[in-house]
There are 2 protein chains.
Amino acid sequence: MSAASTPETSATSSRRDQLLAIAAQLFAEKGFKNTTVRDIADAAGILSGSLYHHFDSKESMVDEILSTFQEGLFAQYDEILASADDARTKLERAVRVSFEAIHQHPHEVAIYQNEADYLGTFDRFGYLADRNTQSRQVWVTLIEEGVRTGVLRSDLDVTLTYRFIRDTVWVAVRWYRPPTPGSGGHTHTDVADQYVRILLDGISATGGRGGRSATVTRPRNPKASRT
Amino acid sequence: MSAASTPETSATSSRRDQLLAIAAQLFAEKGFKNTTVRDIADAAGILSGSLYHHFDSKESMVDEILSTFQEGLFAQYDEILASADDARTKLERAVRVSFEAIHQHPHEVAIYQNEADYLGTFDRFGYLADRNTQSRQVWVTLIEEGVRTGVLRSDLDVTLTYRFIRDTVWVAVRWYRPPTPGSGGHTHTDVADQYVRILLDGISATGGRGGRSATVTRPRNPKASRT
DNA sequence: CACCATACCAAGCAAATGCTTGGTAGGCTG
DNA sequence: CAGCCTACCAAGCATTTGCTTGGTATGGTG
């Protein structure tokens with residue numbers, strides 16, 4: 001029953017990609033287990049059985065969705081880690097890349113956030129735990145470098161700080177929606193800017209919030225949004 | 001699976017409450033839809049049909065779990081809002097109360113975090129949206145009061161800051177586990193302290209992180225933890 | 001003792017769900 | 001035009017799932 005039918009080289013498996021996109025949206029909205037193959041087929045305008053012409057199983061659909069997404073994301077992290085930027089800039093870039101991922105692949109991010117624990121119980125999805133470890137190493141490395149080079153406070157608990165940043169960034173997938181031209185919502189770069197600012201300098205007005213990053217400062221519009 | 005644990009030293013809690021606790025744990029671990037009535041019954045050592053002697057439906061179980069929990073939580077928020085503390089103290093207290101809720105009712109918090117969207121689609125759970133609104137009002141009120149009284153930066157986007165705080169606090173339910181005496185894990189008060197500190201003053205070492213709250217400062221142990 | 005409430009069992013039903021099987025229609029290519 | 005490939009349909013099977021129904025054992029109370 002091994003799939004492996006993906007020609008890899010082909011940039012034209014469009015129907016397959018369409019179906020994956022439809023499935024990703026449904027998985028993100030309703031959860032993996034809570035989405036039936038009939039839901040997916042209905043949304044695609046075909047019968048549920050026809051899905052099995054393209055995919056081995058429902059599992060293999062999430063598998064492909066998640067692994068493809070993560071491949072791209074971690075390539076970007078690796079690029080940042082290998083760069084010559086200082087620690088603060090690297091941290092900012094990592095945050096920005098993450099918000100960009102939320103912007104461009106909201107369904108994939110949501111699925112990972114919501115289903116990683118459950119899926120991780122299957123052998124097939126062992127790589128999710130690996131990716132999680134890898135992600136932690138990226139952030140911890142950046143934080144430790146920041147502390148070592150003096151741009152971050154030396155009294156930080158690294159693990160706790162890691163979780164603070166990770167959670168803060170990724171949970172945004174729950175509410176972030178790309179702004180429609182008229183609606184004055186925040187772009188993902190706007191949100192990233194503000195988050196970096198709060199993260200680095202806090203929300204307090206107390207005394208010196210002096211040396212803040214040059215790239216972070218920017219005006220923002222005062223309109224409110226929902227949720 | 002099997003288990004069928006003995007009634008244990010169940011003190012005063014009624015059988016009904018025991019069953020609710022068991023259900024809450026399973027809902028939190030595996031998700032509501034993903035937990036079957038047979039799962040619950042197995043964990044309780046009875047047959048699935050017997051659950052219907054105590055409850056109308058699976059839905060009514062989550063309903064009771066969530067509404068009971070929220071009642072207690074929001075009573076605490078109301079108390080804080082009504083207090084005479086200054087804005088900064090109120091904010092800190094609200095954060096602390098939330099971490100305490102994570103400590104004492106981890107399953108309930110997890111269920112709300114994971115299932116609110118899905119459950120909210122049923123009429124029966126309309127109150128979840130109300131509670132969400134209420135929660136936002138609590139935080140926004142505190143933030144605006146902070147800005148007005150000058151303890152918080154005046155250039156904050158209130159809505160974004162609200163989401164930052166809300167997410168940062170509640171997502172901790174995903175990784176927080178009460179520390180076992182020997183392991184140097186963080187207590188929920190420890191975690192709350194550090195989170196408040198980062199939130200207010202940021203992680204940056206730049207210049208003055210001077211006027212930090214008196215109640216926040218406390219020594220922390222340097223031991224690492226997992227995940 | 002009669003009565004009854006509590007807590008459960010035993011069996012099963014109807015619907016939902018993942019997946020299978022055998023077949024069809026259209027397009028491309030040698 | 002024969003052969004083959006892609007994309008799908010039609011029908012259904014086995015299992016899972018929420019819930020129902022009728023019955024049993026135990027303990028308390030008037």
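Each chain gets a letter, A, B and so on, in the order its sequence line appears, and its residues count up from 1. Keep in mind that the numbers below use all heavy atoms, side chains included, and drop hydrogens, waters and symmetry copies.
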Nearest whole Å is fine: how far is [N] [atom2] from [X] [atom1]?
| X | N | atom1 | atom2 | value |
| --- | --- | --- | --- | --- |
| F122(A) | dG18(C) | CZ | C1' | 13 Å |
| Y52(A) | dC19(C) | OH | P | 4 Å |
| F55(B) | dC8(C) | CZ | C1' | 14 Å |
| K58(A) | dT17(C) | NZ | P | 9 Å |
| R16(B) | dA5(C) | CZ | P | 18 Å |
| L47(B) | dA7(C) | CG | C1' | 12 Å |

Open item on the list: Angle between ring planes, Y118(A) versus F122(A), binned at 30° and 60°: parallel, tilted or perpendicular?
Closed with: perpendicular

TODO: Please examine the side chains of V196(B) and L91(B), heavy atoms only from C-beta on, and report whether any two atoms are closer than 4.5 Å.
DONE: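 No; the side chains remain at least 4.5 Å from each other.
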
For a quick test of your reading: what N or O donor-acceptor pairs under 3.5 Å do the side chains of residues 67-77 of chain B make, sequence neighbours left out?
from, atom 1, to, atom 2, distance (Å)
S67(B), OG, D63(B), O, 2.8
T68(B), OG1, E64(B), O, 2.7
Y77(B), OH, S98(B), OG, 2.8

Task: 5' priority, DNA chain D, between L19(A) and S48(B) [closest heavy atom] - done: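 The 5'-side residue here is L19(A).
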
Using distance only, find each side-chain donor-acceptor pair of residues 101-114 of chain B under 3.5 Å and give its atom names and separation, not counting sequence neighbours.
from, atom 1, to, atom 2, distance (Å)
H103(B), ND1, Y176(B), OH, 2.7
N114(B), ND2, A110(B), O, 3.1

Nearest heavy atoms of [X] and [Y], plus distance in Å:
| X | Y | value |
| --- | --- | --- |
| L26(A) | A43(A) | CD1-CB, 4.1 Å |
| K90(B) | D85(B) | CE-O, 3.1 Å |
| V37(A) | L51(A) | O-CD1, 3.4 Å |

Task: Listed partners of Y52(B) passing ring-ring contact (aromatic ring centres under 6.0 Å, His included), at least two apart - done: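 Result, ring-ring contact (aromatic ring centres under 6.0 Å, His included) vs Y52(B): none returned.
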
Task: Nucleotides bounding contact with chain B, strand DNA chain D, heavy-atom threshold 4.0 Å - done: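 Listing 5' to 3', DNA chain D meets chain B from dT17(D) to dT20(D).
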
Open item on the list: Any residue in residues 30-42 of chain A with a heavy atom nearer than 4.0 angstrom to DNA chain C? Just list them by number, or reply none.
Closed with: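 Residues of residues 30-42 of chain A that come under 4.0 Å of DNA chain C are, in numerical order, T35(A), T36(A), V37(A), R38(A).
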
Open item on the list: On DNA chain C, compare the nucleotides closest to S57(A) and S50(B); which residue's is nearer the 5' end?
Closed with: S50(B)

Enumerate donor-acceptor pairs with a distance under 3.5 Å from any side-chain N or O in residues 54-62 of chain B to protein atoms, sequence neighbours excluded.
from, atom 1, to, atom 2, distance (Å)
S57(B), OG, E59(B), N, 3.4
S57(B), OG, S60(B), N, 3.2
K58(B), NZ, F32(B), O, 3.0
K58(B), NZ, T35(B), O, 2.7
S60(B), OG, S57(B), N, 3.3
S60(B), OG, S57(B), O, 2.8

